[in-house]
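Sequential numbering from 1 along the given sequence is applied to the chain's residues.
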Amino acid sequence: MSVVHSKRICQIIKLKPEAEAEYRKLHAAVWPSVLAALERAHIIDYSINYYPPLQLLIATMKYTGSDYEADMKKVAEDPETRKWWAVTDGMQESFVEGAEGSGKDVPWWMEVEEVFRFEGKP
C-alpha cells in the first residue's frame, strides 16, 4: 500500500464587507466544473473559513500531486474557473502587492506560513 504525501496550503484574502452575502451564496453552490478543475489538479480537503472582525477569508487545502506549479497553471487555464474568478475576485481585496486577480503571475491569495502542526495518531 502506498502512502499519499500531501502539501498543506493556507491562504488569506480580504472579503469586501458588502460582498459577504453574495460570496456565501456562491460558495453554497460552487459550480461543479470549478470543483472538477480542482480535483484534476490534485486538490483535496479544501475549505474556506471567514473571520468577520477582519473580513478575512482563510482557505486551507491539501495538494497530493507531484508538480504543484504545473497543476495550478492548469487550473488557471480552465475556462470555467476563469469565469468563476471573474465573479469572485471583485468581492475580494488581495494582500499581495501587485496582485491583479486570480490566475495571474502575482498570486491573488496570500500564502500563510505554517508554524505548527499536530497530526495525532492515525
Are the side chain of Tyr63 and the backbone of Tyr68 linked by a donor-acceptor contact shorter than 3.5 Å?
yes
Taking 4.0 angstrom as the limit, do Arg40 and Asp78 come out as a salt bridge?
yes
Begin with the C-alpha distance, continue with both residues' side-chain angles, and end with the deciding distance and a verdict on side chain to side chain contact (heavy atoms under 4.5 Å, CB included) for Val75 and Trp85.
CA-CA 11 Å; Val75 171; Trp85 288 340; 4.0 Å; yes
Looking only at non-hydrogen atoms, find the nearest pair between Ile48 and Ala59 and report the distance.
CG1-CB, 4.0 Å
Could you list the donor-acceptor pairs under 3.5 angstrom formed between side-chain atoms of residues 114-122 and any protein atom two or more places apart in sequence or on another chain?
unit_1	atom_1	unit_2	atom_2	d
Glu114	OE1	Arg117	NE	3.2
Glu114	OE1	Arg117	NH2	3.2
Glu114	OE2	Arg8	NH2	3.4
Glu114	OE2	Arg117	NE	3.3
Glu114	OE2	Arg117	NH2	3.4
Arg117	NH1	Glu119	OE2	2.9

Shared ILVMFWY cluster between Val96 and Leu54, side chains joined below 4.5 angstrom?
yes
With a sphere of 6.0 Å drawn around NZ of Lys74, does it hold more than 12 non-hydrogen atoms of other residues, nucleotides or ligands?
no
Identify the two heavy atoms, one from Gly90 and one from Lys16, that lie closest to each other, and give their separation to 0.1 Å.
O-NZ, 3.0 Å
Passes side chain to side chain contact (heavy atoms under 4.5 Å, CB included), Ile58 versus Cys10? Steps please.
CA-CA 7 Å; Ile58 306 158; Cys10 180; 3.8 Å; yes
Are Trp31 and Met61 connected into the same hydrophobic cluster when the rule is that any two of I, L, V, M, F, W, Y join if their side-chain heavy atoms are below 4.5 Å apart?
yes
In plain terms, say whether Lys83 and Glu80 are close enough for a salt bridge, that is, a side-chain N and a carboxylate O under 4.0 Å apart.
yes
Partner of Leu15 under side-chain contact (heavy atoms from CB on, under 4.5 Å), chosen from Arg24, Met91, Glu93:
Met91
In Å and rounded to the nearest 0.5 Å, what is the CG to CG distance from Leu38 to Asp71?
11.0 Å
Derivation of the side chain to side chain contact (heavy atoms under 4.5 Å, CB included) call for Leu57 and Tyr23:
CA-CA 11 Å; Leu57 293 171; Tyr23 194 85; 3.5 Å; yes
Quick one: do Lys73 and Glu69 make a salt bridge, cutoff under 4.0 Å?
no
Tell me whether the guanidinium CZ or amine NZ of Lys14 lies under 6.0 angstrom from the six-membered ring centre of Phe95 and within 45° of its axis.
no
When hydrophobic residues are tied together by side-chain contacts of less than 4.5 Å, even through go-betweens, does Leu56 share a cluster with Leu26?
no
Minimum heavy-atom separation for Ala99 to Ser94, with atom names?
CB-OG, 3.5 Å
Any side-chain donor-acceptor pair under 3.5 Å between Thr60 and Ser47?
yes
Once rounded to the nearest 0.5 Å, what's the spacing between atom CD1 of Ile13 and atom OG1 of Thr88?
8.5 Å
Could you tell me the separation between the CG atom of Leu35 and the OG1 atom of Thr81, rounded to the nearest 0.5 Å?
9.0 Å
For the student: nearest non-hydrogen atoms of Arg82 and Ala76, plus distance:
NH1-O, 2.9 Å
Other residues, nucleotides and ligands only: do more than 12 of their heavy atoms fall within 6.0 Å of CD on Glu39?
no
Cluster link Val30 to Tyr50, ILVMFWY, side chain under 4.5 Å:
yes
Between CG of Asn49 and CD1 of Ile12, what distance do you get to the nearest 0.5 Å?
13.0 Å
Where at least one partner belongs to residues 102-113, residue pairs that pass side-chain hydrogen bond (donor to acceptor under 3.5 Å, both in side chains), sequence neighbours excluded
Asp89-Ser102, Asp89-Trp108, Gln92-Trp108
